[in-house]
Protein chains: 2
Amino acid sequence: MLNTNPTNTAQFSPSLTLPAGSRECAGRNTMDTLKLLGEQLKPQRRVVHTGDTIYQAGERFGNLYILNSGFFKIVNLSADGREQVVGLKFRGDWLGFDGIAGGRYACDAVAMDTGEIWVVSYEALLATCAVQPELLQLLHAAMSREIAHDRDSLMSVCTLPADARVADFLRYWAQTLAERGMRGDEITLRMTRAEIGNYLGMTLESVSRALSRLARDNVIGFATKGRRDVQIPDVGALSAFVQRCLAPAPTMLQ
Amino acid sequence: MLNTNPTNTAQFSPSLTLPAGSRECAGRNTMDTLKLLGEQLKPQRRVVHTGDTIYQAGERFGNLYILNSGFFKIVNLSADGREQVVGLKFRGDWLGFDGIAGGRYACDAVAMDTGEIWVVSYEALLATCAVQPELLQLLHAAMSREIAHDRDSLMSVCTLPADARVADFLRYWAQTLAERGMRGDEITLRMTRAEIGNYLGMTLESVSRALSRLARDNVIGFATKGRRDVQIPDVGALSAFVQRCLAPAPTMLQ
DNA sequence: CGTATGATTGATGCAGATCAAACACAGTGG
DNA sequence: CCACTGTGTTTGATCTGCATCAATCATACG
């Protein structure tokens, strides 16, 4: 992989520069957006716990879901039994878009932590949008962001070596939390190495080795007890690590 | 890769069973949908030729595009110069969704053949949707399909070995053409091996070897002159080939 | 015809998969 | 309290699928 490497002169983006498209729609932040959605839609609120499934592949589509707290994984299941984590959802994300086209959800949405989701009937949402055009903008922005991010994911697995993929994964996680008003410098991975590996297209052993390497290079740190909490003192260091992985050769001397 | 392989007993879907979600919204077919869109939106029609760029990453968002004929690739470009084909668009597909959230397009859309695209101002589209709710359904269905397909792509690169990825790519291409009323048994790849490889996360040599293998096994055929045209007598054979690649071991004897 | 671009095929090397063993920690129950 | 068990993690050794390097061939075009 990483076969396309045109004159790579390591001009990586310095530290916290957010990539284009990652900021909230119309300059609005996540908290304000959630407040607006809560007021406009008066959604049914539902508390979920680790392992709860909000919808499953094949189930009849009817609702969209807005994640107010906690976090979810989206799992695709193929006819022949392959299982693939295809997305992670954080505070402010919407769930269930995949069901609109086919009338049935195409994936499973599984809670990875305790949290609260808001249930919104798609029909009711459309009705509300008809009298409140700003809502439609929010809906479309959420779908658009999902499409753009899915493409970034594909780019990651297609062009980055294993170590860089793990680093980029942590960078995205930390940035996402920060953008949404949560601490991004100390994140609790509520996924096993196997789940992370599945999401990134590598084995759990490779994930473990990559994390060890990142810790050895002081790009990340591990919390006192257990290896589930990851400290990220500087997000820029993760980006720099990715670039280092892409660097063609040491080119020592000359 | 393909490390998750739970009791894989090769119960592959027989022949032409379309996977859930691949049929058109509300049972409508592509031709009818295009007709409706053309009548309702009266879009500006624009002829494009190979290599034309309909929009580019960073360009200010304003229009969505509906592909009436021809075909496009969607290319993502990272800050450090990596280039990734993240999608292919066929007749009836929409282009430009990635621009809604950030106000700027996130990718390049490049024509791979002569064709016609319809230009629709996003603002005007929303206005029309307000008085024609069916249009909004079509829009959402198109976005939903894109999200679902992007996930399938990620699953492909994460769980399939190189040969199977190429086979699955051809299967998808053939099925998509068939669904949209075009011949699916003889497709002209208007992409180089390098472009296909980039899209599938492998080198051009691996693509070439995979195609040679598929031809040797009579799963595909090459047209008389040149290796750009691929004959696909039976789409099911491609699915079967994918399953064969996933089979744990030859298990000869017993 | 010569040149250029893309495709095929072979030889070799390596990143990451697979196999294997030891370790850490949280329950659980005596 | 500690032994016991199960689940997840780490780390090492080995193997292999695919990348890389390289040479030849095919088709298109000036």
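The chains referred to below are lettered A, B, ... by the order of the sequence lines, with proteins before strands, and numbering in each begins at 1.
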A.B. asks: Among the candidates dT11(D), dG6(C), dT9(D), find the nucleotide nearest to the side-chain atoms of R228(B).
C.D. replies: dG6(C)
A.B. asks: dT9(C), OP1 or OP2 - any side-chain N/O from S208(B) closer than 4.0 Å?
C.D. replies: no
A.B. asks: Give a yes or no on whether a salt bridge exists between D93(B) and R180(B), defined as a side-chain N under 4.0 angstrom from a carboxylate O.
C.D. replies: yes
A.B. asks: Return the value, rounded to whole Å, for the distance between atom CD of E205(B) and atom P of dG17(D).
C.D. replies: 18 Å
A.B. asks: Using a heavy-atom cut-off of under 4.0 Å over every strand shown, decide if R213(B) touches base, sugar-phosphate, or nothing.
C.D. replies: nothing
A.B. asks: Any sub-3.5 Å donor-acceptor pair from D108(B)'s side-chain atoms to A57(B)'s backbone N or O?
C.D. replies: yes
A.B. asks: Assign the ring pair F169(B) / W173(B) to parallel, tilted or perpendicular, where the plane angle (0 to 90°) is split at 30° and 60°.
C.D. replies: perpendicular
A.B. asks: Between the opening five pairs and the closing five pairs of the helix from dC1(C)-dG30(D) to dG30(C)-dC1(D), how far apart are the helix axes, to 10°?
C.D. replies: 30°
A.B. asks: Reckon T203(A) has a side-chain N or O less than 4.0 Å from the OP1 or OP2 of dA17(C)?
C.D. replies: yes
A.B. asks: Rounded to the Å, how far apart are F222(B) CZ and dT9(C) C1'?
C.D. replies: 13 Å
A.B. asks: Checking only heavy atoms, does the side chain of R216(B) share a donor-acceptor pair with the base of dT8(C) at less than 3.5 Å?
C.D. replies: no
A.B. asks: Taking for each residue the nucleotide of DNA chain C bearing the nearest heavy atom, is the 5' side occupied by R193(B) or by A162(A)?
C.D. replies: R193(B)
A.B. asks: Take atom CG of L211(B) and atom P of dC18(D), then tell me their distance rounded to the nearest Å.
C.D. replies: 14 Å
A.B. asks: Parallel, tilted or perpendicular: which one describes the rings of Y65(A) and Y105(A), with boundaries at 30° and 60°?
C.D. replies: tilted
A.B. asks: What residue among D168(B), V85(B), V166(B), L160(B) forms side chain to side chain contact (heavy atoms under 4.5 Å, CB included) with L200(B)?
C.D. replies: V166(B)
A.B. asks: Using the salt bridge (Lys or Arg N to Asp or Glu O under 4.0 Å) rule, pick out the option among R244(A), R209(A), R213(A), R216(A) that qualifies with D163(A).
C.D. replies: R213(A)
A.B. asks: Send over the distance from M202(A) CE to dT18(C) P, rounded to a whole Å.
C.D. replies: 13 Å
A.B. asks: Donor-acceptor pair, E195(A) side chain versus T192(A) backbone, under 3.5 Å?
C.D. replies: yes
A.B. asks: For G92(A) and T30(A), work out which heavy atoms get closest and say how close.
C.D. replies: CA-CG2, 3.9 Å
A.B. asks: Return the nearest nucleotide to the side chain of P161(B); candidates are dT10(D), dA13(D), dC18(D).
C.D. replies: dC18(D)
A.B. asks: CZ of R209(A) versus P of dT10(D): gap in Å, rounded?
C.D. replies: 11 Å
A.B. asks: Any salt bridge linking K89(B) with E146(B)? Criterion: basic side-chain nitrogen under 4.0 Å from a carboxylate oxygen.
C.D. replies: yes
A.B. asks: In whole Å, I'd like the distance from the CG atom of L189(B) to the C1' atom of dA7(C).
C.D. replies: 13 Å
A.B. asks: Quick one: is T192(A) getting a side-chain N or O under 4.0 Å of the dT7(D) phosphate, OP1 or OP2?
C.D. replies: no
A.B. asks: In whole Å, what is the span from the CG atom of D229(B) to the P atom of dA7(C)?
C.D. replies: 12 Å
A.B. asks: Within the side chain of R82(A), is there an N or O that forms a donor-acceptor pair under 3.5 Å with the backbone of L246(B)?
C.D. replies: no
A.B. asks: Using whole Å, report how far CG of L204(A) lies from P of dT11(D).
C.D. replies: 13 Å
A.B. asks: For a quick check, with a 4.0 angstrom heavy-atom cut-off, what is the B/S/- contact string for nucleotides 24-30 of chain D, read 5' to 3'?
C.D. replies: ---S---
A.B. asks: dT9(D), dT9(C), dA13(D): which one has an atom nearest the side-chain heavy atoms of S212(B)?
C.D. replies: dT9(C)
